[in-house]
Amino acid sequence: MDYLKVIGKKNLKGSVKISGAKNAALPLLAATILSSNKLNISNLPDVVDINTLLQLLEMLGATYDKNKNFLQIDSTTIDKTKATYEIVKTMRASILVLGPLLARFGHCEVSLPGGCAIGQRPVDLHLKALEQMGATIEIKNGYIEAKAPKGLQGATIVFDKITVTGTENIVMAAALADGKTTIVNAAKEPEVIQLCEIIRDAGIYIEGIGTNTITIEGSKQQLLDMKDFTIIPDRIEAGTYLCAGAITNAILKVENVEPKHLDAVLAKFEEMGFGILKDKTSITILPANKVKPVNIITTEYPGFPTDMQAQFMALATMADGMSIIDEKLFENRFMHVSELVRMGAEITVNGTTANIQGTPKKLLGTDVMATDLRASSALVLAGLVADGETNIHRIYHLDRGYDKLEKKLTALGANIIRDKEI
Ligand code: EPZ
């Protein structure tokens, strides 16, 4: 297993190119199951979760050729419909093959994704919606056994909670259903929008893209004439690097981004006293004279994203005063708190609320453990400003969603070494 050694207090400067969005690429790779032809996909992030989903699609019978961030994939050759526990347990977003496999083949078995560090992560809303579209769903020996021998029927789906992958699963299922599906209380993250646009560009009538109510006219199991596409930039990766600039009070630019995807995050940087410059495809963060405390409540897009919560908690340790962060989406997304406290941060948690008393001078390097993807990046950020060395263990969590993070930070002036655990 690898770990990262971060030598703190280095000044950062310069610019970094942001990769394609992991959370856009995952549903889009699953959507290739619906395609009647081979596809060329550009700006694919080179991260473990993408390679895991490609492995799953290959196990099902797809073939692909990947060269760095460019992919040619042919999912027309898929002839199996069982997504096994071995692969699903390593990445719960494998649930995204459920909707497309069921819609295309009329049956499939997908291992129930386990929970993860940040929460129980149920998929009940995905299953209930598919049943409303005419599927029979049984849970047997840890597998979801889904059947719809005559194909899925359009239906009106009202999600009790806004679910990103739930919306994506139903959009893909509805694309091949017979009739009209209306999704009420749909997610409208940029990643959901790109999936809808790619399916619309394949000839499916979709209304309400980017709103909470999406209507899809299905193709009655006709495969889709999908067009080649380029993955949108990763707004969470961009936000993470902007946090690296903020926490080291540097001038730092992120390129190949969509600034409007980060409106809520940029507003919080400005609230804390940082300067923000934007042009069409880049954002620059400027130092704050004095870092002010901030109050954050995580919510669905376009609100402040839960995937930026841990990174802002690390940043809040630099503020002059008390910050309050309320995590509304996941019941256990404060695993990074105990690790930051080990570095000298003064953070107390009460239910879903964390109070962070800024200690600008006090973070000290030590051994810490990554627990989930975004917590890992928060520990790297804290290591950048801590006195001495911070060793971050279990960074396989980090590699799931960040494309060469330590290389990109080192190029900006950080001193980070990846080494093997003894
Ligand atoms: C997506 O997860 C993202 N993953 C997560 O990013 C992100 O944190 C999350 O959306 C919220 O924005 C991908 O897109 C691959 P949800 P998802 O369904 O779809 C509850 C990262 O760091 N819920 O929107 O799994 C659920 O428990 C990852 O890149 C149900 O109760 O999240 C949660 O409280 C972490 N039943 C809330 O809804 C369901 O059937 C939102 O979850 C589904 C969800």
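First listed ligand is number 1; within each ligand, the first listed atom is number 1. The figures here come from the full heavy-atom set of this structure, side chains too, leaving out hydrogens, waters and symmetry mates.
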As a check for students: among [options], identify the option with a heavy atom nearest to [atom].
| atom | options | value |
| --- | --- | --- |
| atom 23 (N) of ligand 1 | Ser94, Ala375, Pro122 | Pro122 |
| atom 25 (O) of ligand 1 | Glu168, Arg121, Glu300 | Arg121 |
| atom 37 (C) of ligand 1 | Leu26, Leu125, Thr163, Leu329 | Leu329 |
| atom 1 (C) of ligand 1 | Asp307, Val164, Thr306, Asn169 | Val164 |

Problem set entry | ligand 1 contact on Glu331 by region, counting heavy-atom pairs under 4.0 Å |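 Near ligand 1, Glu331 shows nothing, with every heavy atom at 4.0 Å or more.
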Problem set entry | Side chain, backbone, both or neither: the part of Glu191 lying under 4.0 Å from ligand 1 by heavy atom | neither
Ion pair [X]/[Y], N-O distance below 4.0 Å:
| X | Y | answer |
| --- | --- | --- |
| Arg342 | Asp367 | no |
| Lys180 | Glu217 | no |
| Lys66 | Asp46 | yes |
| Glu191 | Arg235 | yes |
| Asp307 | Arg333 | yes |
| Glu271 | Lys268 | yes |

Contacting atoms of ligand 1, where contact means under 4.0 angstrom from a heavy atom of [X]:
| X | value |
| --- | --- |
| Arg92 | 25 (O) |
| Lys22 | 21 (C), 29 (O) |
| Val123 | 39 (C), 40 (O) |
| His126 | 40 (O) |

Exercise. Would Phe312 and Phe304 satisfy ring-ring contact (aromatic ring centres under 6.0 Å, His included), going step by step from the backbone distance to the final call?
Worked result: CA-CA 11 Å; Phe312 264 74; Phe304 189 91; 5.1 Å; yes
Do me a favour and list the nearest non-hydrogen protein atom to [atom] with residue, atom name and distance?
| atom | value |
| --- | --- |
| atom 38 (O) of ligand 1 | Lys161 CD, 3.8 Å |
| atom 36 (N) of ligand 1 | Asp124 OD1, 2.7 Å |
| atom 22 (O) of ligand 1 | Arg374 NE, 2.9 Å |
| atom 17 (P) of ligand 1 | Thr165 OG1, 3.6 Å |
| atom 41 (C) of ligand 1 | Ile162 O, 3.8 Å |
| atom 4 (N) of ligand 1 | Asn23 ND2, 3.7 Å |
| atom 9 (C) of ligand 1 | Phe330 CZ, 3.9 Å |
| atom 35 (C) of ligand 1 | Arg333 NH2, 3.7 Å |

Exercise. Within the distance-only criterion (no hydrogens, no angle test), does the side chain of Arg200 pair as donor or acceptor with the backbone N or O of Tyr205 below 3.5 angstrom?
Worked result: no
Problem set entry | Which residues share a side-chain contact (heavy atoms from CB on, under 4.5 Å) with Glu406, sequence neighbours left out |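 Applying side-chain contact (heavy atoms from CB on, under 4.5 Å) to Glu406 gives Leu4, Ile416, Arg418.
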For this session: Applying side-chain contact (heavy atoms from CB on, under 4.5 Å), name anything that partners Lys5, two or more places apart in sequence or on another chain.
Result: Tyr3, Ile7, Glu389, Asn391, Ile417
Problem set entry | CA sep, side-chain torsions, deciding dist, call: Asp49, Thr52, side-chain hydrogen bond (donor to acceptor under 3.5 Å, both in side chains) | CA-CA 5 Å; Asp49 273 8; Thr52 303; 4.8 Å; no
